[in-house]
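Numbers restart at 1 for each chain; the letters A, B, ... are given by sequence-line order, proteins then strands. All heavy atoms count here, side chains included; hydrogens, waters and symmetry mates do not.
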Amino acid sequence: MTLTVTDLSVTRGALPVLSGVSFAIVPGEALILRGPNGIGKTTLLRTVAGLQPAYAGSIAGAEDQIAYAAHADGLKPTLSTRENLKFWAQIFGVKDVTHRVSEALADFDLETLADRPAANLSAGQKRRLGLARLGVTGRPIWIMDEPTVSLDTSSVQRFAEVVQNHLQSGGSAMIATHIDLGLSGTELDLTSYKTAPQQLDDFDGAFL
Amino acid sequence: MIALLYRDLQLAFRAGGGFGLGLAFFLIVVVLVPFAVGPQSELLARIAPGVLWIGALLACLLSLDRVLALDWEDGSLDLLATAPLPLEAIVTMKSCAHWITTALPLVVISPLLGVLLHLPGGGYLWLVISLLLGTPALSVIGTFGAALTVGLKRGGLLLSLLVLPLYVPTLIFGAEVARRGAAGLAVETPLLMLAGISAASLAVLPFASAAVLRINLR
């Protein structure tokens, strides 16, 4: 299913940060978001994921299609690696939970850590577990916010392979990242969509 | 939905999950009361229903800031919000988990603590019934308060201030059922009011909590 974003404006802290963003992601393709810190990459991703309302514009084809991976991995420290994944697979209601979980564990080389509590994982291992979660959701569109943070080079390569496989099997992805993952897809630099500071004509000074 | 409830229960019972916190608090309050007010058994018997209800209510309050704040901190609340479950179901399961891990143990242990306070013989049944009927309202109202304060750092103080007035009707009618039961009077009127409060909270507040949570997640 194609995700189409038309003329989208997003706000952070009630201030518009990006406006007029338009793009379409077709199955099999990835959209890589670029732009300096603070430009609004996370805000855009959260809006597309449905966590905050759009200020203007429209998003089509996102309903119940998206798996979102934020900066925080959403792991429970007292649950084991496998239990964490199993929980998310059940929440997303996939059919073959056990199979999906073991597949995701294999994808991110987490099999040897499967029964270890998430509290005892290193930062990179936690990140890998957080990314493995995307695989067990069964959702076609993966939205990832700087997924490679704290990953070593071989894990980054592994991650790129997993995303590439996902794209080849008809999925799509939207990734905010600063590094080159070598994925097939388009790049979108957000710098040009930055909202210009606006002069408020009807500003009520007495209100302050 | 069951998976979420199961996970929350699992988290509560594992190390550091906070199970037993409310129970220990309830125990301490009730054990200390006879030391503070003196050993006259008629006096203790008279105040027992009220003390037990206040203890249970405060014990419920104690664990409220864990209901949603932990999931907020580690990011799982955001991820849950993008899951196919509606937020209404998520907050209902959260209240349910809070009730099972915090309120249910209080209900179970309350007759035992009633003995310490010389609760009259006829009062035990009505004490347990009033707590069973009233504590679901405490959990649901508490989850609403937790949803209101979820984005705030150290929101516990604000949470207590917001929730306490909402707890008052439940406390009044709950303690009244227990008091009348202990005194051997008719309990129908406060019992029906208590049941009404619980039913209304259960019906309305999950929707309010979900709406508030949607705004707080932005």
Chemist: For B/Ile2, is it the side chain, the backbone, both, or neither that has a heavy atom closer than 4.5 Å to a heavy atom of chain A?
Modeler: neither

Chemist: Would you say B/Leu27 and B/Leu113 make side-chain contact, with heavy atoms under 4.5 Å?
Modeler: yes

Chemist: Ion pair present between A/Arg127 and A/Glu146, side-chain N to carboxylate O less than 4.0 angstrom?
Modeler: no

Chemist: Looking only at heavy atoms and a cut-off of under 4.5 Å, which of B/Leu85, B/Asp71, B/Asp78, B/Leu217 has the most pairs with chain A?
Modeler: B/Asp78

Chemist: Are the charged groups of A/Arg158 and A/Glu161 less than 4.0 angstrom apart, N to O?
Modeler: no

Chemist: Is B/Asp8 paired with B/Lys94 through a side-chain N to carboxylate O contact shorter than 4.0 Å?
Modeler: yes

Chemist: So which of A/Ala49, A/Ala72, A/Ala67 has the largest heavy-atom pair count under 4.5 angstrom toward chain B?
Modeler: A/Ala72

Chemist: Quick one: which of B/Gln10, B/Arg214, B/Arg14, B/Glu73 has the most heavy-atom pairs under 4.5 Å with chain A, could you say?
Modeler: B/Arg14

Chemist: Non-hydrogen atoms of chain B under 4.5 Å away: do they reach the side chain of A/Arg12, the backbone, both or neither?
Modeler: neither

Chemist: Which bit of A/Ile66 is near chain B, if near means a heavy-atom gap under 4.5 Å: side chain, backbone, both or neither?
Modeler: backbone

Chemist: Can you tell me if A/Trp88 and A/Thr137 form a side-chain donor-acceptor pair at under 3.5 Å?
Modeler: no

Chemist: Distance only, no hydrogens: is a donor on one side chain within 3.5 Å (strictly under) of an acceptor on the other, for B/Ser63 and B/Thr102?
Modeler: yes

Chemist: With chain B, which of A/Gly93, A/Pro77, A/Ala70, A/Pro53 has the greatest number of heavy-atom pairs at distances under 4.5 Å?
Modeler: A/Pro53

